[in-house]
Amino acid sequence: MTTFIKEIEDFDLEQTLECGQCFRYMKLDDGHYKVIAHGKVLEVMQKNNEIHFHHTTLEEYHDTWVHYFDLDRDYRGIKSSFEEDLVMKEAIAYKPGVRIIKQEVWECLISFIISQNKAIPHIQKIIKNISEAYGDYIGDHDGEKLYTFPTPEQLREATEQDIRDLKAGFRAPYIIDATRRVLTGELDLHGLQELTTEEAKKELLQIKGVGNKIADCVLLFSLGRHEVFPIDIWVKRVMEYFYLKEDTKLDAIQVYAKEKFGRQAGFAQQYLFYYAREKKIGK
DNA sequence: CAGCAGGTGCAAG
DNA sequence: CTTGCACCTGCT
């Protein structure tokens, strides 16, 4: 175990972790981050274009973190493909170091089920509550015990009331439904990788509490379907404000975005989302 | 205290 | 098929 240093362009650790796509990270006083993913706690920091992965190995870096942070992809090329669009150019210039994290499918699904009608700190709190109650202990931070996000098997005995008590509120039955579907084999999480985007989305939409937006988030943030364009309230606002100039139905925004951004739409979504949320565009 | 937040299900038109 | 509203919870 040692520190592994990677030099990289077009990547900003803070922007990538805090752009709203993932929830299990902590910023430390010294600017380091702790990230919980893949059953591990990663301590990581950025110094200019160097990323320092602490207490890890070259092997773990290659097996886990390079994929998690999407470090093999050419973001320079992706960004330049958008830059003739002046809105995109502005959004990219604002947070040029965002990358799309590749999360574990199960955790991503439950995280975005929880996200509905909630702000990020609340989402993080509920995920933490569920992890502490059902996940595995994986270490300490500042006197606090850290836990993995529980597997469907670990959630097997949880009742709706149990989950409700962890502050999940009306989302509790949705989480129970997702767990049940995975445990019975009705939903094959691993199998989603093999399906087309359209087929995988259809599977995800079977789950109670999963609609268009959450299904798209799972497709983009855990299944690597970079052509999907999740539309939440901020993306709706930013699209209406800069492009459509009037109140527009989600379906129509979807069509417009697909037309405009093509198979890279997911990346465009993330730059636009972050820009809109930070600048409170259209609010 | 009422209103609202990174949506969705459900009942009514 | 489209629209409007309730929904846990916690913060303003």
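Model, not experiment: these values are computed from the prediction. Proteins get letters first, then strands, A, B, ... in listed order; numbering begins at 1 in each.
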Taking distance alone, no hydrogens or angles, what donor-acceptor pairs closer than 3.5 Å link side-chain atoms of residues 207-226 of chain A to residues at least two apart or in another chain?
unit_1    : atom_1 : unit_2    : atom_2 : d
Asn212(A) : OD1    : Lys201(A) : NZ     : 2.7
Asp216(A) : OD1    : Lys201(A) : NZ     : 2.8
Asp216(A) : OD2    : Lys201(A) : NZ     : 3.4
Ser222(A) : OG     : Val218(A) : O      : 2.8
Arg225(A) : NE     : Leu223(A) : O      : 3.2
Arg225(A) : NH1    : Leu195(A) : O      : 3.1
Arg225(A) : NH1    : Thr197(A) : OG1    : 3.1
Arg225(A) : NH2    : Leu192(A) : O      : 3.3
Arg225(A) : NH2    : Gln193(A) : O      : 3.2
Arg225(A) : NH2    : Leu195(A) : O      : 3.0
His226(A) : NE2    : Arg73(A)  : NH2    : 3.2

Inset, instruction - Taking only heavy atoms on the protein side, list every residue of residues 273-283 of chain A lying under 4.0 Å from any atom of DNA chain B, sorted numerically. - result: Phe273(A), Arg277(A), Lys283(A)

Legend entry - Residue-level proximity of residues 223-233 of chain A to DNA chain B when a heavy atom falls under 4.0 Å: Asp232(A), Ile233(A)

Answer with base, sugar-phosphate or nothing: what part of the nucleic acid does [X] contact at a heavy-atom distance below 4.0 Å?
X: Ile120(A); result: base
X: Val235(A); result: nothing
X: Gly211(A); result: sugar-phosphate

Legend entry - is_close_aromatic(Phe23(A), Phe112(A)), centroid dist under 6.0 Å: yes

Inset, instruction - Would you please say whether a donor-acceptor pair under 3.5 Å links the side chains of Thr3(A) and His54(A)? - result: yes

Inset, instruction - Indicate whether any N or O donor in one side chain lies under 3.5 Å from an N or O acceptor in the other, for Glu60(A) and Thr56(A). - result: yes

Legend entry - Earlier contact from the 5' end, DNA chain B, for Gln269(A) and Leu205(A): Gln269(A)

Without swapping roles, check the side chain of [X] against the backbone of [Y] for a donor-acceptor pair under 3.5 Å.
X: Arg99(A); Y: Thr16(A); answer: no
X: Asp177(A); Y: Tyr174(A); answer: no
X: Thr184(A); Y: Glu186(A); answer: yes

Inset, instruction - Could you pull out all residues at least two apart from Gln15(A) that satisfy side-chain hydrogen bond (donor to acceptor under 3.5 Å, both in side chains)? - result: none

Legend entry - side-chain hydrogen bond (donor to acceptor under 3.5 Å, both in side chains) involving Lys89(A) - partner list, sequence neighbours excluded: none

Inset, instruction - Can you label the angle between the Tyr61(A) ring and the Phe4(A) ring as parallel, tilted or perpendicular, going by 30° and 60°? - result: tilted

Inset, instruction - On the 0 to 90° scale, with breaks at 30° and 60°, tag the Trp65(A)-Phe69(A) ring pair as parallel, tilted or perpendicular. - result: tilted

Inset, instruction - I would like to know whether Lys102(A) and His67(A) meet side-chain contact (heavy atoms from CB on, under 4.5 Å); could you show each step before the answer? - result: CA-CA 7 Å; Lys102(A) 182 152 185 169; His67(A) 304 296; 5.5 Å; no

Between side-chain atoms of residues 231-240 of chain A and protein atoms elsewhere (two or more places apart, or another chain), which donor-acceptor pairs fall under 3.5 Å?
unit_1    : atom_1 : unit_2    : atom_2 : d
Asp232(A) : OD1    : Trp234(A) : N      : 3.0
Asp232(A) : OD1    : Val235(A) : N      : 2.9
Lys236(A) : NZ     : Glu240(A) : OE2    : 2.7
Lys236(A) : NZ     : Asp247(A) : OD1    : 3.0
Glu240(A) : OE2    : Thr248(A) : N      : 2.9

Legend entry - Secondary structure of DNA chain C in dot-bracket form (Watson-Crick or G-U wobble, distances below 3.5 Å, | marking inter-strand pairs): |||||||.||||

Inset, instruction - Output every pair passing side chain to side chain donor-acceptor pair (under 3.5 Å) with a member in residues 263-283 of chain A, not counting sequence neighbours, ordered by first then second residue. - result: Glu90(A)-Tyr275(A)

Inset, instruction - Sticking with atom P, work out how far dA11(B) lies from dC8(C), rounded to a whole angstrom. - result: 15 Å

Legend entry - Rounded distance in Å between the C1' positions of dG6(B) and dT2(C): 24 Å

Inset, instruction - Sugar-phosphate means primed atoms, P, OP1 and OP2; the rest is base. With that split, encode nucleotides 2-12 of chain C 5' to 3' as B, S or - using protein heavy atoms under 4.0 Å. - result: -S---BBBSS-

Inset, instruction - For DNA chain B, note the earliest and the latest nucleotide, 5' to 3', having some atom under 4.0 Å of a heavy atom belonging to chain A. - result: dA5(B) to dG9(B)

Legend entry - Inter- and intrachain pairs under ring-ring contact (aromatic ring centres under 6.0 Å, His included), touching residues 237-259 of chain A, at least two apart: Tyr243(A)-Tyr256(A)

Please tabulate, for the side chains in residues 126-134 of chain A, all donor-acceptor contacts under 3.5 angstrom to protein atoms that are two or more places apart in sequence or on a different chain.
unit_1    : atom_1 : unit_2    : atom_2 : d
Lys128(A) : NZ     : Glu144(A) : OE2    : 3.3
Asn129(A) : OD1    : Lys125(A) : NZ     : 3.2
Asn129(A) : ND2    : Lys125(A) : O      : 3.4
Asn129(A) : ND2    : Leu166(A) : O      : 3.0
Ser131(A) : OG     : Arg24(A)  : NH1    : 3.3
Ser131(A) : OG     : Ile127(A) : O      : 2.8

